[in-house]
Number of protein chains: 2
Amino acid sequence: MARTAGSHSGITGPKVRQAALELFAKHGYAAVSMRQIASEVGVQAGALYNYTPDKQSLLFDLMQAHMTELMAALPDGNTDQPLQMLEHFVRFHIAFHHDRPEAVFIAYMELRNLNEQNFAVIEEMRGAYEDKLQGILIAGQASGVWGVKDAKIATFAVIAMLTGVNTWFRSAGRLSLAEVQDQYWEMVRKAVGAD
Amino acid sequence: MARTAGSHSGITGPKVRQAALELFAKHGYAAVSMRQIASEVGVQAGALYNYTPDKQSLLFDLMQAHMTELMAALPDGNTDQPLQMLEHFVRFHIAFHHDRPEAVFIAYMELRNLNEQNFAVIEEMRGAYEDKLQGILIAGQASGVWGVKDAKIATFAVIAMLTGVNTWFRSAGRLSLAEVQDQYWEMVRKAVGAD
DNA sequence: GTCTATATTCTGATAGAC
DNA sequence: GTCTATCAGAATATAGAC
(Lines give C-alpha, C1' and ligand atoms only; values in the text may rest on other atoms or scores of the structure.)
Protein backbone atom coordinates (compact mmCIF):
# COMPACT_ATOMS: atom_id res chain seq x y z
CA MET A 1 0.00 0.00 0.00
CA ALA A 2 1.28 3.39 -0.91
CA ARG A 3 2.27 5.84 1.78
CA THR A 4 -0.69 8.10 2.43
CA ALA A 5 -1.23 11.38 4.16
CA GLY A 6 -1.39 11.02 7.93
CA SER A 7 0.47 7.76 7.82
CA HIS A 8 1.97 8.23 11.29
CA SER A 9 5.25 6.79 10.14
CA GLY A 10 7.01 7.84 13.32
CA ILE A 11 10.20 8.88 11.57
CA THR A 12 9.21 12.34 10.45
CA GLY A 13 10.89 13.95 13.45
CA PRO A 14 14.40 12.70 12.62
CA LYS A 15 13.80 13.45 8.95
CA VAL A 16 12.97 17.06 9.79
CA ARG A 17 16.22 17.41 11.73
CA GLN A 18 18.24 15.76 8.98
CA ALA A 19 16.69 17.93 6.26
CA ALA A 20 17.29 21.09 8.30
CA LEU A 21 20.90 20.03 8.95
CA GLU A 22 21.63 19.54 5.27
CA LEU A 23 19.82 22.63 4.04
CA PHE A 24 21.19 24.97 6.72
CA ALA A 25 24.71 23.73 6.00
CA LYS A 26 24.33 24.14 2.27
CA HIS A 27 22.46 27.43 1.95
CA GLY A 28 22.60 28.99 5.41
CA TYR A 29 19.91 29.31 8.07
CA ALA A 30 18.49 32.62 6.87
CA ALA A 31 18.36 31.50 3.25
CA VAL A 32 16.39 28.32 3.96
CA SER A 33 12.60 28.44 4.29
CA MET A 34 10.36 26.16 6.29
CA ARG A 35 8.73 25.24 2.98
CA GLN A 36 12.08 24.01 1.62
CA ILE A 37 12.62 21.85 4.69
CA ALA A 38 9.08 20.48 4.42
CA SER A 39 9.57 19.72 0.75
CA GLU A 40 12.77 17.80 1.50
CA VAL A 41 10.96 15.80 4.18
CA GLY A 42 7.94 15.20 1.97
CA VAL A 43 5.29 17.03 3.99
CA GLN A 44 3.62 20.43 3.92
CA ALA A 45 5.13 23.34 5.85
CA GLY A 46 2.46 23.33 8.53
CA ALA A 47 3.32 19.77 9.55
CA LEU A 48 6.82 20.82 10.66
CA TYR A 49 5.32 22.63 13.62
CA ASN A 50 4.46 19.28 15.20
CA TYR A 51 8.21 18.79 15.65
CA THR A 52 9.56 22.22 16.42
CA PRO A 53 7.93 25.29 17.92
CA ASP A 54 9.74 27.48 15.39
CA LYS A 55 12.68 27.76 13.02
CA GLN A 56 15.00 29.16 15.68
CA SER A 57 14.52 26.09 17.89
CA LEU A 58 15.36 23.87 14.97
CA LEU A 59 18.71 25.60 14.59
CA PHE A 60 19.42 25.64 18.30
CA ASP A 61 18.60 21.94 18.73
CA LEU A 62 20.98 20.98 15.94
CA MET A 63 23.80 23.02 17.41
CA GLN A 64 23.21 21.90 20.97
CA ALA A 65 23.07 18.23 19.94
CA HIS A 66 26.34 18.65 18.09
CA MET A 67 28.13 20.23 21.04
CA THR A 68 26.75 17.65 23.46
CA GLU A 69 27.97 14.84 21.24
CA LEU A 70 31.36 16.51 20.93
CA MET A 71 31.82 16.78 24.69
CA ALA A 72 30.59 13.23 25.27
CA ALA A 73 32.92 11.77 22.63
CA LEU A 74 36.04 13.41 24.04
CA PRO A 75 37.39 11.08 26.77
CA ASP A 76 39.11 12.47 29.85
CA GLY A 77 42.48 10.78 29.42
CA ASN A 78 45.30 10.49 31.94
CA THR A 79 46.67 13.86 33.03
CA ASP A 80 50.00 12.23 33.86
CA GLN A 81 50.59 11.78 30.15
CA PRO A 82 50.15 15.24 28.56
CA LEU A 83 51.92 14.37 25.32
CA GLN A 84 49.69 11.36 24.81
CA MET A 85 46.61 13.40 25.68
CA LEU A 86 47.53 16.15 23.24
CA GLU A 87 48.10 13.65 20.45
CA HIS A 88 44.78 12.03 21.22
CA PHE A 89 43.01 15.40 21.19
CA VAL A 90 44.47 16.30 17.81
CA ARG A 91 43.51 13.00 16.19
CA PHE A 92 40.10 13.01 17.85
CA HIS A 93 39.25 16.55 16.79
CA ILE A 94 40.13 15.89 13.15
CA ALA A 95 38.24 12.59 12.99
CA PHE A 96 35.15 13.78 14.84
CA HIS A 97 34.81 16.89 12.73
CA HIS A 98 35.47 14.99 9.53
CA ASP A 99 32.59 12.63 10.31
CA ARG A 100 29.95 15.36 10.54
CA PRO A 101 30.83 18.23 8.21
CA GLU A 102 27.31 19.68 8.10
CA ALA A 103 26.98 19.99 11.88
CA VAL A 104 30.47 21.49 12.14
CA PHE A 105 29.73 24.00 9.42
CA ILE A 106 26.52 25.08 11.11
CA ALA A 107 28.17 25.28 14.52
CA TYR A 108 30.72 27.76 13.17
CA MET A 109 28.64 29.73 10.67
CA GLU A 110 25.27 30.15 12.29
CA LEU A 111 26.19 31.46 15.73
CA ARG A 112 24.96 34.93 14.79
CA ASN A 113 21.54 33.55 13.91
CA LEU A 114 20.95 32.25 17.43
CA ASN A 115 18.93 34.47 19.72
CA GLU A 116 20.73 35.90 22.73
CA GLN A 117 19.78 33.18 25.17
CA ASN A 118 20.50 30.28 22.82
CA PHE A 119 23.81 31.85 21.86
CA ALA A 120 24.89 31.95 25.49
CA VAL A 121 24.23 28.22 25.88
CA ILE A 122 26.23 27.24 22.80
CA GLU A 123 29.08 29.60 23.65
CA GLU A 124 29.41 28.07 27.08
CA MET A 125 29.64 24.59 25.58
CA ARG A 126 32.26 25.74 23.14
CA GLY A 127 34.20 27.27 26.01
CA ALA A 128 34.07 23.98 27.91
CA TYR A 129 35.54 22.17 24.92
CA GLU A 130 38.33 24.72 24.56
CA ASP A 131 39.03 24.36 28.27
CA LYS A 132 39.74 20.67 27.74
CA LEU A 133 42.54 21.47 25.34
CA GLN A 134 43.78 24.34 27.46
CA GLY A 135 43.95 21.99 30.46
CA ILE A 136 46.13 19.61 28.50
CA LEU A 137 48.45 22.40 27.38
CA ILE A 138 48.79 23.71 30.93
CA ALA A 139 49.49 20.23 32.30
CA GLY A 140 52.25 19.64 29.77
CA GLN A 141 53.74 23.01 30.50
CA ALA A 142 53.71 22.37 34.25
CA SER A 143 55.50 19.05 33.89
CA GLY A 144 58.02 20.42 31.41
CA VAL A 145 56.95 18.23 28.47
CA TRP A 146 56.78 21.33 26.29
CA GLY A 147 56.91 25.09 26.55
CA VAL A 148 54.08 27.30 25.33
CA LYS A 149 54.24 30.98 26.16
CA ASP A 150 50.49 31.38 26.58
CA ALA A 151 48.18 28.38 26.89
CA LYS A 152 45.10 30.40 25.90
CA ILE A 153 46.61 31.55 22.61
CA ALA A 154 47.98 28.11 21.85
CA THR A 155 44.51 26.68 22.45
CA PHE A 156 42.94 29.03 19.93
CA ALA A 157 45.74 28.42 17.44
CA VAL A 158 45.52 24.63 17.62
CA ILE A 159 41.73 24.48 17.40
CA ALA A 160 41.60 26.87 14.44
CA MET A 161 44.29 24.91 12.66
CA LEU A 162 42.57 21.56 13.21
CA THR A 163 39.08 22.73 12.36
CA GLY A 164 40.44 24.14 9.13
CA VAL A 165 40.91 20.60 7.85
CA ASN A 166 37.19 20.44 7.12
CA THR A 167 37.44 23.27 4.60
CA TRP A 168 39.73 21.39 2.22
CA PHE A 169 40.02 17.69 3.05
CA ARG A 170 38.07 15.27 0.86
CA SER A 171 38.20 11.49 1.33
CA ALA A 172 38.62 11.04 -2.40
CA GLY A 173 41.74 13.23 -2.45
CA ARG A 174 45.40 12.27 -2.59
CA LEU A 175 45.78 11.84 1.17
CA SER A 176 44.05 9.54 3.65
CA LEU A 177 42.59 10.94 6.84
CA ALA A 178 45.24 9.05 8.81
CA GLU A 179 47.99 10.78 6.85
CA VAL A 180 46.38 14.14 7.53
CA GLN A 181 46.11 13.31 11.22
CA ASP A 182 49.81 12.35 11.26
CA GLN A 183 50.93 15.56 9.65
CA TYR A 184 48.76 17.82 11.79
CA TRP A 185 49.95 16.02 14.90
CA GLU A 186 53.54 16.59 13.85
CA MET A 187 52.88 20.29 13.30
CA VAL A 188 51.08 20.69 16.62
CA ARG A 189 53.75 18.76 18.50
CA LYS A 190 56.48 20.95 17.07
CA ALA A 191 54.46 24.16 17.51
CA VAL A 192 54.15 23.65 21.26
CA GLY A 193 57.85 22.77 21.41
CA ALA A 194 57.65 19.07 22.34
CA ASP A 195 60.55 16.90 21.15
CA MET B 1 20.44 74.49 5.56
CA ALA B 2 19.12 71.06 6.33
CA ARG B 3 20.01 68.13 4.14
CA THR B 4 17.16 67.67 1.67
CA ALA B 5 16.04 64.93 -0.64
CA GLY B 6 18.05 64.82 -3.84
CA SER B 7 20.92 66.65 -2.26
CA HIS B 8 23.49 65.07 -4.58
CA SER B 9 25.92 64.76 -1.74
CA GLY B 10 28.23 62.53 -3.78
CA ILE B 11 29.02 60.23 -0.88
CA THR B 12 26.01 57.97 -1.00
CA GLY B 13 27.87 55.32 -3.01
CA PRO B 14 30.55 54.71 -0.37
CA LYS B 15 27.92 54.87 2.35
CA VAL B 16 25.94 52.11 0.65
CA ARG B 17 29.03 49.89 0.51
CA GLN B 18 29.91 50.64 4.12
CA ALA B 19 26.37 49.94 5.35
CA ALA B 20 26.23 46.69 3.39
CA LEU B 21 29.63 45.67 4.78
CA GLU B 22 28.57 46.21 8.37
CA LEU B 23 25.12 44.67 8.04
CA PHE B 24 26.27 41.62 6.05
CA ALA B 25 29.01 40.98 8.60
CA LYS B 26 26.67 41.32 11.54
CA HIS B 27 23.55 39.51 10.36
CA GLY B 28 24.60 37.65 7.23
CA TYR B 29 23.85 38.41 3.59
CA ALA B 30 20.61 36.45 3.40
CA ALA B 31 19.26 37.97 6.60
CA VAL B 32 19.80 41.58 5.50
CA SER B 33 17.23 43.35 3.33
CA MET B 34 17.79 46.17 0.89
CA ARG B 35 15.44 48.23 3.04
CA GLN B 36 17.72 47.72 6.06
CA ILE B 37 20.73 48.89 4.08
CA ALA B 38 18.80 51.90 2.79
CA SER B 39 17.70 52.77 6.29
CA GLU B 40 21.30 52.68 7.53
CA VAL B 41 22.36 54.95 4.68
CA GLY B 42 19.43 57.29 5.20
CA VAL B 43 17.66 56.83 1.86
CA GLN B 44 14.74 54.82 0.53
CA ALA B 45 15.28 51.32 -0.84
CA GLY B 46 14.76 52.36 -4.45
CA ALA B 47 17.68 54.79 -4.31
CA LEU B 48 20.15 51.96 -3.71
CA TYR B 49 19.68 50.81 -7.28
CA ASN B 50 21.52 53.87 -8.49
CA TYR B 51 24.63 52.29 -6.99
CA THR B 52 24.25 48.59 -7.53
CA PRO B 53 22.30 46.61 -10.13
CA ASP B 54 21.22 44.15 -7.42
CA LYS B 55 21.97 42.73 -3.99
CA GLN B 56 24.24 39.99 -5.34
CA SER B 57 26.54 42.54 -6.99
CA LEU B 58 26.78 44.41 -3.71
CA LEU B 59 28.10 41.27 -2.01
CA PHE B 60 30.43 40.39 -4.85
CA ASP B 61 31.92 43.88 -5.05
CA LEU B 62 32.69 43.86 -1.33
CA MET B 63 34.42 40.50 -1.52
CA GLN B 64 36.31 41.26 -4.69
CA ALA B 65 37.54 44.60 -3.34
CA HIS B 66 38.73 42.85 -0.19
CA MET B 67 40.66 40.18 -2.07
CA THR B 68 42.18 42.74 -4.44
CA GLU B 69 43.35 44.81 -1.50
CA LEU B 70 44.77 41.72 0.17
CA MET B 71 46.82 40.73 -2.87
CA ALA B 72 48.01 44.30 -3.43
CA ALA B 73 49.11 44.73 0.17
CA LEU B 74 51.20 41.56 0.26
CA PRO B 75 54.66 42.46 -1.09
CA ASP B 76 56.69 39.96 -3.04
CA GLY B 77 59.73 39.76 -0.80
CA ASN B 78 63.13 38.22 -1.51
CA THR B 79 62.95 34.51 -2.26
CA ASP B 80 66.54 34.11 -1.10
CA GLN B 81 65.35 34.72 2.46
CA PRO B 82 62.50 32.22 3.09
CA LEU B 83 62.59 32.54 6.86
CA GLN B 84 62.25 36.30 6.65
CA MET B 85 59.49 35.99 4.08
CA LEU B 86 57.55 33.55 6.23
CA GLU B 87 57.83 35.79 9.26
CA HIS B 88 56.67 38.72 7.21
CA PHE B 89 53.72 36.75 5.85
CA VAL B 90 52.62 35.74 9.35
CA ARG B 91 52.80 39.26 10.73
CA PHE B 92 51.20 40.74 7.63
CA HIS B 93 48.29 38.30 7.60
CA ILE B 94 47.46 38.94 11.24
CA ALA B 95 47.69 42.72 10.94
CA PHE B 96 45.80 43.01 7.65
CA HIS B 97 42.95 40.82 8.84
CA HIS B 98 42.81 42.56 12.19
CA ASP B 99 42.34 45.91 10.45
CA ARG B 100 39.19 44.88 8.54
CA PRO B 101 37.24 42.31 10.56
CA GLU B 102 33.95 42.84 8.69
CA ALA B 103 35.42 42.23 5.25
CA VAL B 104 37.29 39.16 6.50
CA PHE B 105 34.16 37.77 8.10
CA ILE B 106 32.17 38.24 4.90
CA ALA B 107 34.93 36.77 2.75
CA TYR B 108 34.84 33.56 4.79
CA MET B 109 31.14 33.27 5.60
CA GLU B 110 29.34 34.38 2.49
CA LEU B 111 31.03 32.33 -0.20
CA ARG B 112 27.97 30.14 -0.55
CA ASN B 113 25.79 33.16 -1.26
CA LEU B 114 27.76 34.09 -4.36
CA ASN B 115 26.38 32.91 -7.65
CA GLU B 116 28.41 30.37 -9.58
CA GLN B 117 30.33 32.83 -11.72
CA ASN B 118 31.12 35.25 -8.90
CA PHE B 119 32.18 32.36 -6.68
CA ALA B 120 34.70 31.22 -9.28
CA VAL B 121 36.30 34.67 -9.36
CA ILE B 122 36.68 34.91 -5.59
CA GLU B 123 37.92 31.35 -5.26
CA GLU B 124 40.63 32.00 -7.80
CA MET B 125 41.80 35.07 -5.89
CA ARG B 126 41.85 33.11 -2.66
CA GLY B 127 43.89 30.40 -4.39
CA ALA B 128 46.40 32.99 -5.59
CA TYR B 129 46.88 34.22 -2.03
CA GLU B 130 47.38 30.71 -0.72
CA ASP B 131 49.90 30.11 -3.49
CA LYS B 132 51.99 32.98 -2.15
CA LEU B 133 52.39 31.22 1.18
CA GLN B 134 52.87 27.85 -0.45
CA GLY B 135 55.65 29.32 -2.60
CA ILE B 136 57.43 30.54 0.51
CA LEU B 137 57.11 27.16 2.20
CA ILE B 138 58.46 25.35 -0.86
CA ALA B 139 61.37 27.78 -1.18
CA GLY B 140 62.38 27.24 2.44
CA GLN B 141 62.09 23.51 2.05
CA ALA B 142 64.24 23.54 -1.09
CA SER B 143 67.00 25.52 0.59
CA GLY B 144 66.88 23.44 3.77
CA VAL B 145 65.78 26.26 6.08
CA TRP B 146 63.01 24.02 7.41
CA GLY B 147 61.35 20.72 6.69
CA VAL B 148 57.63 20.44 6.02
CA LYS B 149 56.30 17.08 4.84
CA ASP B 150 53.64 18.59 2.59
CA ALA B 151 53.67 22.27 1.62
CA LYS B 152 49.97 22.23 0.65
CA ILE B 153 48.86 20.96 4.04
CA ALA B 154 51.19 23.31 5.86
CA THR B 155 49.72 26.20 3.85
CA PHE B 156 46.18 25.35 4.90
CA ALA B 157 47.25 24.82 8.49
CA VAL B 158 49.08 28.13 8.79
CA ILE B 159 46.37 30.20 7.13
CA ALA B 160 43.61 28.64 9.25
CA MET B 161 45.62 29.23 12.40
CA LEU B 162 46.36 32.87 11.56
CA THR B 163 42.87 33.74 10.40
CA GLY B 164 41.55 32.32 13.65
CA VAL B 165 43.03 35.30 15.49
CA ASN B 166 40.09 37.41 14.30
CA THR B 167 37.60 35.22 16.18
CA TRP B 168 39.00 36.03 19.61
CA PHE B 169 41.47 38.92 19.58
CA ARG B 170 40.25 42.28 20.86
CA SER B 171 42.45 45.36 21.08
CA ALA B 172 41.14 46.07 24.56
CA GLY B 173 42.23 42.63 25.81
CA ARG B 174 45.22 41.64 27.89
CA LEU B 175 47.57 41.28 24.90
CA SER B 176 48.73 43.75 22.26
CA LEU B 177 48.56 42.83 18.60
CA ALA B 178 52.37 42.83 18.50
CA GLU B 179 52.48 40.24 21.27
CA VAL B 180 49.99 38.09 19.42
CA GLN B 181 52.04 38.40 16.24
CA ASP B 182 55.17 37.37 18.16
CA GLN B 183 53.55 34.29 19.62
CA TYR B 184 51.94 33.15 16.39
CA TRP B 185 55.23 33.64 14.57
CA GLU B 186 56.97 31.49 17.16
CA MET B 187 54.37 28.75 16.77
CA VAL B 188 54.52 28.83 12.98
CA ARG B 189 58.31 28.86 12.95
CA LYS B 190 58.44 25.84 15.22
CA ALA B 191 55.62 24.05 13.38
CA VAL B 192 57.51 24.11 10.08
CA GLY B 193 60.65 22.97 11.89
CA ALA B 194 62.82 26.08 11.54
CA ASP B 195 65.35 26.62 14.32
C1' DG C 1 -0.12 13.73 12.30
C1' DT C 2 -0.95 15.93 8.11
C1' DC C 3 -3.63 18.54 5.16
C1' DT C 4 -5.48 23.03 2.99
C1' DA C 5 -6.22 27.68 3.52
C1' DT C 6 -5.01 31.88 5.24
C1' DA C 7 -3.32 36.07 8.10
C1' DT C 8 0.24 39.18 8.12
C1' DT C 9 4.42 40.87 7.00
C1' DC C 10 8.31 41.24 4.32
C1' DT C 11 11.10 40.56 0.05
C1' DG C 12 13.91 42.33 -4.35
C1' DA C 13 13.17 45.11 -7.85
C1' DT C 14 10.88 48.66 -11.06
C1' DA C 15 8.18 52.95 -12.84
C1' DG C 16 7.55 57.48 -13.03
C1' DA C 17 7.20 62.14 -10.61
C1' DC C 18 10.17 65.76 -9.17
C1' DG D 1 19.69 61.29 -7.39
C1' DT D 2 15.91 60.43 -4.49
C1' DC D 3 11.25 60.03 -3.68
C1' DT D 4 6.59 57.47 -3.42
C1' DA D 5 3.96 53.83 -4.92
C1' DT D 6 3.64 49.41 -6.45
C1' DC D 7 4.21 44.57 -8.42
C1' DA D 8 4.50 39.78 -7.75
C1' DG D 9 5.88 36.59 -4.90
C1' DA D 10 7.72 34.41 -0.57
C1' DA D 11 8.28 34.42 4.40
C1' DT D 12 6.77 32.41 9.28
C1' DA D 13 3.28 30.82 11.68
C1' DT D 14 -1.63 29.51 12.85
C1' DA D 15 -6.59 27.56 12.42
C1' DG D 16 -9.48 24.12 11.64
C1' DA D 17 -10.90 19.97 8.80
C1' DC D 18 -10.00 15.15 8.49
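Just so it is clear, the structure is predicted and the values come from calculations on it, not from any experiment. Below, chain A is the first sequence line, B the second, and so on; all start at residue 1. Only heavy atoms go into these numbers, but all of them, side chains included; no hydrogens, no water, no symmetry mates.
Annotation: Phe92(B) is not in aromatic contact with His97(B) [ring centroid separation under 6.0 Å not met]. Not less than 6.0 angstrom separates the ring centroid of Phe60(A) from the ring centroid of Phe119(A).
Remark: Arg126(B) qualifies as a cation-pi partner of Tyr108(B) under the 6.0 Å distance and 45° angle criteria applied to the six-membered ring. Cation-pi geometry between Arg100(A) and Phe96(A) is satisfied (NZ or CZ under 6.0 Å from the ring centre, within 45° of the ring normal). A cation-pi arrangement, defined by a distance under 6.0 Å to the six-membered ring centre and an angle within 45 degrees of its axis, is present between Lys55(A) and Tyr29(A).
Rounded to whole angstrom, the span from the CG atom of Asn50(B) across to the P atom of dG1(D) amounts to 6 Å. Rounded to whole angstrom, the span from the CZ atom of Arg35(B) across to the P atom of dA11(D) amounts to 16 Å. One can place NZ of Lys55(A) at 19 Å from P of dT9(C), the figure rounded to the nearest angstrom. In this structure, CD of Gln56(A) is placed 16 Å from C1' of dA11(D), rounded to the nearest angstrom. One interatomic measurement links the two molecules: CE of Met34(A) to P of dC10(C), which rounds to 19 Å at whole-angstrom precision. One can place CD of Gln44(A) at 17 Å from P of dA13(D), the figure rounded to the nearest angstrom. Following rounding to the nearest Å, Leu48(B) (CG) and dT14(C) (P) show an atom-to-atom distance of 13 Å. As rounded to whole Å, 17 Å separates atom C1' of dA13(D) from atom OH of Tyr51(A).
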Starting from the C-alpha separation in whole Å, work towards a yes-or-no answer on side chain to side chain contact (heavy atoms under 4.5 Å, CB included) for Leu70(B) and Leu74(B).
-> CA-CA 6 Å; Leu70(B) 176 65; Leu74(B) 177 66; 5.9 Å; no
For side chain to side chain donor-acceptor pair (under 3.5 Å), just list the numbers for Gln84(B) and Asn78(B), CA-CA rounded to whole Å, side-chain angles, deciding distance to a tenth of an Å, and then say yes or no.
-> CA-CA 8 Å; Gln84(B) 196 180 45; Asn78(B) 178 358; 5.9 Å; no
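Inter-axis angle, ends of the helix from dG1(C)-dC18(D) to dC18(C)-dG1(D), five pairs per end, rounded to 10 degrees: 0°.
Rounded to the nearest 0.5 Å, atoms CE (Met109(B)) and CE (Met109(A)) are 5.0 Å apart.
DNA chain C lies under 4.0 Å from no heavy atom of any residue of residues 13-33 of chain A.
Surrounding CD of Glu179(B) are more than 12 heavy atoms belonging to other residues, nucleotides or ligands, all under 6.0 Å away.
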